K.L.:
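The structure follows.
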Amino acid sequence: QVQLVESGGGLVQPGGSLRLSCAASGSIVSIYAMGWYRQVPGKQREMVANIINGGSTNVADSVKGRFTISRDNAKNTMYLQMNSLKPEDTAVYYCNARIKVRIGIAASDYWGQGTQVTVSS
């Protein structure tokens, strides 16, 4: 059993900052990649940023220069530092991770429950 738990969402004014965390727990052999996605009602879920085991990152053009993804492998935890937030960043943010739970079995994708980020004055 694997759990991904997000935290750090909330209400912030435009131009403000928030830091999201995603902690993975349970029967984990290895975590290959982790990422943040976001979704607003009526739209598809979109990738915000991801980070692979070696530390390489990808960041969506819409947040490049404002959001930074990082990972603490020892804690199985991923972070998303969000600066210069805009109203269009308002969404539910989801954590995703590709995790191997048993040797000999392929890794699977897991999702957190989501955390609301609202950017509004």
Side-chain angles (χ1 to χ4, degrees):
Q1 189 80 6
V2 171
Q3 274 193 319
L4 298 180
V5 179
E6 300 108 333
S7 61
L11 173 64
V12 64
Q13 291 187 338
S17 297
L18 283 174
R19 188 193 195 207
L20 305 183
S21 299
C22 170
S25 63
S27 179
I28 297 171
V29 172
S30 183
I31 301 177
Y32 293 108
M34 301 184 80
W36 290 100
Y37 290 73
R38 66 186 183 185
Q39 189 170 25
V40 297
K43 290 191 176 181
Q44 282 191 323
R45 192 172 294 188
E46 64 173 359
M47 192 276 289
V48 177
N50 60 37
I51 182 167
I52 65 172
N53 224 2
S56 296
T57 62
N58 291 296
V59 181
D61 288 342
S62 59
V63 304
K64 200 165 288 183
R66 301 187 296 121
F67 291 11
T68 303
I69 188 171
S70 60
R71 183 174 159 181
D72 185 334
N73 291 328
K75 296 181 179 179
N76 287 339
T77 300
M78 172 180 63
Y79 305 96
L80 185 69
Q81 178 66 43
M82 305 186 294
N83 298 328
S84 301
L85 281 159
K86 303 176 181 180
E88 51 262 43
D89 295 318
T90 296
V92 177
Y93 284 70
Y94 295 92
C95 168
N96 168 267
R98 179 154 292 183
I99 298 174
K100 177 183 278 290
V101 298
R102 186 176 294 179
I103 295 174
I105 295 180
S108 299
D109 280 333
Y110 295 85
W111 291 90
Q113 80 287 355
T115 184
Q116 176 71 45
V117 171
T118 302
V119 184
S120 175
S121 55

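Predicted model, so just to flag it, every value in this text is computed and none were measured. When a residue number appears, it is its place in the shown sequence, counting from 1.
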K.L.:
I'd like to check the salt bridge (charged side-chain N to carboxylate O under 4.0 Å, His left out) partners of Glu88; sequence neighbours left out, ordered by chain and number.
P.N.:
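Counting only residues at least two positions away or on another chain, Glu88 forms no salt bridge (charged side-chain N to carboxylate O under 4.0 Å, His left out).
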K.L.:
Could you note down all residue pairs passing salt bridge (Lys or Arg N to Asp or Glu O under 4.0 Å) where residues 26-42 supplies at least one of them, sequence neighbours left out?
P.N.:
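Non-adjacent pairs meeting salt bridge (Lys or Arg N to Asp or Glu O under 4.0 Å): Arg38-Glu46, Arg38-Asp89.
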K.L.:
My understanding is that only residues two or more places apart in sequence, or in another chain, count here; which of them pass side chain to side chain donor-acceptor pair (under 3.5 Å) with Lys86?
P.N.:
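Here no residue qualifies.
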K.L.:
Pairs of donor and acceptor atoms involving the side chains of residues 11-22, under 3.5 Å and at least two apart or interchain, shall be tabulated with distances.
P.N.:
| residue | atom | partner | partner atom | Å |
| --- | --- | --- | --- | --- |
| Ser17 | OG | Asn83 | OD1 | 2.9 |

K.L.:
How about Asp72 and Tyr79: do any of their side-chain heavy atoms sit closer than 4.5 Å?
P.N.:
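Contact flag for Asp72/Tyr79 side chains = yes.
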K.L.:
Does Thr118 have any side chain to side chain donor-acceptor pair (under 3.5 Å) partners at least two apart in sequence or in another chain, and if so, which?
P.N.:
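In terms of side chain to side chain donor-acceptor pair (under 3.5 Å), with neighbours along the sequence ignored, Thr118 is linked to Gln116.
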K.L.:
Side chain to side chain contact (heavy atoms under 4.5 Å, CB included), that's the test. Do Ile31 and Arg71 meet it? Break it down for me.
P.N.:
CA-CA 11 Å; Ile31 301 177; Arg71 183 174 159 181; 3.5 Å; yes
K.L.:
Mind checking who shares a hydrophobic cluster with Val29, ILVMFWY linked at side-chain heavy-atom distances under 4.5 Å?
P.N.:
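Direct or chained contacts put Val29 with Ile103.
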K.L.:
Considering non-hydrogen atoms only, spot the tightest contact between Val40 and Ala91 and give its length.
P.N.:
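So the two residues come closest at CG1-CB, 3.6 Å.
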K.L.:
List the atom pairs, with distances to 0.1 Å, where a side-chain N or O of residues 54-65 and a protein N or O form a donor-acceptor pair under 3.5 Å, not counting sequence neighbours.
P.N.:
| residue | atom | partner | partner atom | Å |
| --- | --- | --- | --- | --- |
| Asn58 | ND2 | Asn50 | OD1 | 3.1 |
| Asp61 | OD1 | Lys64 | NZ | 3.1 |

K.L.:
My understanding is that only residues two or more places apart in sequence, or in another chain, count here; which of them pass side-chain contact (heavy atoms from CB on, under 4.5 Å) with Val5?
P.N.:
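None.
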K.L.:
Partners of Arg98 by salt bridge (charged side-chain N to carboxylate O under 4.0 Å, His left out), sequence neighbours excluded?
P.N.:
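By the salt bridge (charged side-chain N to carboxylate O under 4.0 Å, His left out) rule, Arg98 matches Asp109.
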K.L.:
Quick one: name the residues clustered hydrophobically with Trp111, using the 4.5 Å side-chain heavy-atom rule over I, L, V, M, F, W, Y, and just say none if it's on its own.
P.N.:
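Its cluster mates, by chain and number, are Tyr37, Met47, Val92, Tyr94.
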K.L.:
Which value, rounded to the nearest 0.5 Å, describes the distance between Met34 atom CE and Leu80 atom CG?
P.N.:
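Here the interatomic distance stands at 11.5 Å.
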K.L.:
Taking all non-hydrogen atoms of both residues, which atom of Cys95 and which atom of Met78 are closest, and how far apart?
P.N.:
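Closest pair (atom of Cys95, atom of Met78, distance): SG-CE, 3.6 Å.
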K.L.:
How long is the straight-line distance from CD of Gln113 back to OG1 of Thr115, given to the nearest 0.5 Å?
P.N.:
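It is 7.0 Å, given to the nearest 0.5 Å.
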K.L.:
Where is the tightest heavy-atom contact between Ser30 and Asn53, given as atom of each residue plus distance?
P.N.:
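Scanning both residues, the minimum pair turns out to be OG-ND2, 4.3 Å.
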K.L.:
Could you note down all residue pairs passing ring-ring contact (aromatic ring centres under 6.0 Å, His included) where residues 42-78 supplies at least one of them, sequence neighbours left out?
P.N.:
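Non-adjacent pairs meeting ring-ring contact (aromatic ring centres under 6.0 Å, His included): zero.
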K.L.:
Applying salt bridge (charged side-chain N to carboxylate O under 4.0 Å, His left out), can you list everything that pairs with Arg45, at least two apart in sequence or on another chain?
P.N.:
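With neighbours one apart ignored, the set is empty.
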K.L.:
Taking the side chain as every heavy atom from C-beta outward, state whether Val2 and Ser108 have any pair of such atoms under 4.5 Å apart.
P.N.:
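The answer is no, as the side chains (C-beta and beyond) never meet within the 4.5 Å cut-off.
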K.L.:
As an exercise, state the distance from CD1 of Ile99 to CD of Gln3, rounded to the nearest 0.5 Å.
P.N.:
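Between atom CD1 of Ile99 and atom CD of Gln3 there are 11.0 Å.
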